[in-house]
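Here the structure is laid out as structure tokens; the discussion comes afterwards.
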Number of protein chains: 2
Amino acid sequence: MSKNEFICDCNVIHKDVVESTIKNMPDADIFNKLADFFKILGDTTRAKILSALDQNEMCVCDIANVLGMSKSSISHQLGTLRRSGIVKCRKQGKEVFYMLDDDHVQKVFEIGMEHIEHRK
Amino acid sequence: MSKNEFICDCNVIHKDVVESTIKNMPDADIFNKLADFFKILGDTTRAKILSALDQNEMCVCDIANVLGMSKSSISHQLGTLRRSGIVKCRKQGKEVFYMLDDDHVQKVFEIGMEHIEHRK
DNA sequence: ATTATAGTTGAATATATGTTCAACTATAAG
DNA sequence: CTTATAGTTGAACATATATTCAACTATAAT
């Protein structure tokens with residue numbers, strides 16, 4: 001079996017499989033964006049925030065109270081969610097109301113839930 | 001407006017919304033499992049591994065070569081994926097072939113991709 | 001204007017986690 | 001039995017990130 005022509009510390013065992021797999025892999029760029037998206041959902045606090053916002057649009061203090069966490073912590077996470085285009089907000093007086101920006105989130109959560117059910 | 005009865009550093013502004021949202025929130029347990037599942041997908045290396053395994057079952061060295069990474073690193077990640085029930089493996093001689101255990105992964109990726117497309 | 005409250009933000013801290021390294025096990029071949 | 005290779009694993013290291021804290025801005029009310 002041929003030695004490794006790729007940048008790796010081990011041999012290529014099935015050259016044909018490796019080469020065809022590499023050929024069909026999406027660009028690294030895609031994986032970075034995809035991983036970033038799932039990373040956002042992969043945090044308990046953010047998951048709870050999104051679940052809450054799936055019920056109602058809410059202001060920062062209300063979300064903080066629903067989760068039993070500090071205003072600052074929630075605001076930081078909302079900033080992260082907003083920069084990722086997953087939530088948007090509107091300002092009304094002193095309050096800032098946050099809401100889901102993207103219906104994909106709900107669908108992704110559903111399938112995640114299916115996976116959890118399937119696992120136990 | 002009533003002061004906060006919850007463990008939080010700020011006021012409840014819309015008591016009715018907060019209470020009904022709390023009432024309808026899934027258990028903390030669910031959020032932990034859900035976040036853990038997405039955390040797994042939220043890493044570039046693991047996302048690439050899963051994409052590769054979606055094409056073919058593959059041994060550790062082949063995966064390492066497809067990704068251009070060390071055997072050890074890939075093995076660690078495969079361990080993580082296996083413990084999460086996302087991949088399974090079969091042993092054949094010295095080689096261990098890994099494959100997807102769960103068809104939910106593919107569906108989740110598809111929706112993630114839709115989200116990315118939608119975002120640009 | 002002053003005061004109070006909603007929300008944001010940067011820095012610091014603590015924790016989680018991905019990769020490397022080295023040592024290890026297991027199987028196959030000579 | 002010895003050697004080579006596939007794969008695993010724990011510890012160490014480096015990096016990423018969630019929460020806290022304190023200071024800040026913005027709006028509203030007195």
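Just so you know, these numbers come straight off a predicted model, no measurement behind them. Residue numbers start from 1 in every chain, and the chains themselves are labelled A, B, ... in the order their sequence lines are given, proteins ahead of strands.
Comparing dA6(C), dA18(D), dT19(C) by their closest approach to the side chain of Cys61(A) singles out dA6(C). In the set dT20(C), dG7(D), dT9(C), dT9(C) carries the atom at the smallest distance from any side-chain atom of Ser72(A).
Rounding to whole angstrom units, CG of residue Asp36(A) and C1' of dA16(D) are separated by 12 Å. For the pair Lys71(A) NZ and dA4(C) P, the interatomic distance rounds to 14 Å; values are reported in whole Å. Counting to the nearest Å, the C1' atom of dA6(D) and the CG atom of Asp62(B) are 11 Å from each other. Separating the CG atom of Asp9(A) from the P atom of dA6(D) is a distance of 10 Å, rounded to the nearest angstrom. Atom C1' of nucleotide dC21(D) and atom CE of Met69(A) are separated by 15 Å, given to the nearest angstrom. In this structure, CD1 of Ile74(A) is placed 9 Å from P of dT20(D), rounded to the nearest angstrom. Atom NZ in Lys39(B) sits about 17 Å away from atom P in dA16(D), given to the nearest Å. In this structure, CZ of Phe97(A) is placed 8 Å from P of dG7(C), rounded to the nearest angstrom.
For residues 93-107 of chain A, every residue pair satisfying the salt bridge (charged side-chain N to carboxylate O under 4.0 Å, His left out) rule, not counting sequence neighbours, is listed here: Lys88(A)-Asp101(A), Asp101(A)-Arg119(B), Lys107(A)-Glu114(B). Residue pairs that meet the salt bridge (charged side-chain N to carboxylate O under 4.0 Å, His left out) test with at least one member in residues 42-57 of chain B, sequence neighbours left out, are Glu57(B)-Arg90(B). A ring pair (Phe, Tyr, Trp, His ring centres under 6.0 Å) check over residues 32-60 of chain B, counting only residues at least two apart or in different chains, returns the pairs Phe109(A)-Phe38(B), His115(A)-Phe37(B).
For the pair Ile63(B)/Met69(B), no side-chain contact is recorded, criterion being any heavy-atom separation below 4.5 Å from C-beta on. Between Val87(A) and Leu50(A), some side-chain heavy-atom pair lies under the 4.5 Å cut-off. Counting only heavy atoms from C-beta outward, the side chains of Ile74(B) and Gln77(B) never approach each other to under 4.5 Å.
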Strictly under 3.5 Å: I want the nitrogen or oxygen pairs between protein and nucleotides 12-14 of chain C, one per line.
none

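Asn65(B) and Cys10(A) get closest at one heavy-atom pair: ND2-O, 3.4 Å. Considering all non-hydrogen atoms of both residues, Asn11(A) and Cys61(B) come closest at O-CB, 3.4 Å. The minimum heavy-atom distance linking Leu53(A) with Leu78(A) is given by the pair CD1-CD2, 4.5 Å.
Scanning atom types as modelled, no donor and acceptor separated by under 3.5 angstrom connect the side chain of Thr45(B) and the base of dT19(C).
A stacked arrangement is not assigned to His76(A) and the six-membered base ring of dT8(C), the conditions of a centre distance below 5.5 Å and an interplanar angle below 30° not being jointly met.
Taken residue by residue, residues 78-86 of chain B places no heavy atom nearer than 4.0 Å to DNA chain C.
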If you apply the rule side-chain hydrogen bond (donor to acceptor under 3.5 Å, both in side chains), what do you find for Asp36(A) with Ser84(A), and how did you get there?
CA-CA 9 Å; Asp36(A) 284 345; Ser84(A) 303; over 6 Å; no

Spell out protein contact along nucleotides 25-30 of chain C as letters: B when the base is contacted, S when just the sugar-phosphate is, - when no protein heavy atom is under 4.0 Å; keep the 5' to 3' order.
-SBS--

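Between dG18(C) and Ser73(B), no contact under 4.0 Å exists linking OP1 or OP2 to a side-chain N or O. Checking the phosphate oxygens (OP1, OP2) of dA6(C), a side-chain nitrogen or oxygen of Asn11(B) falls inside 4.0 Å. Look at Tyr98(B) and you won't find any side-chain N or O under 4.0 angstrom from OP1 or OP2 of dA6(D).
Side-chain atoms of Ser75(B) do not come within 3.5 Å of backbone N or O of Lys71(B) as any donor-acceptor pair. For the pair Ser51(A) (side chain) and Ala47(A) (backbone), a donor-acceptor distance under 3.5 Å is absent.
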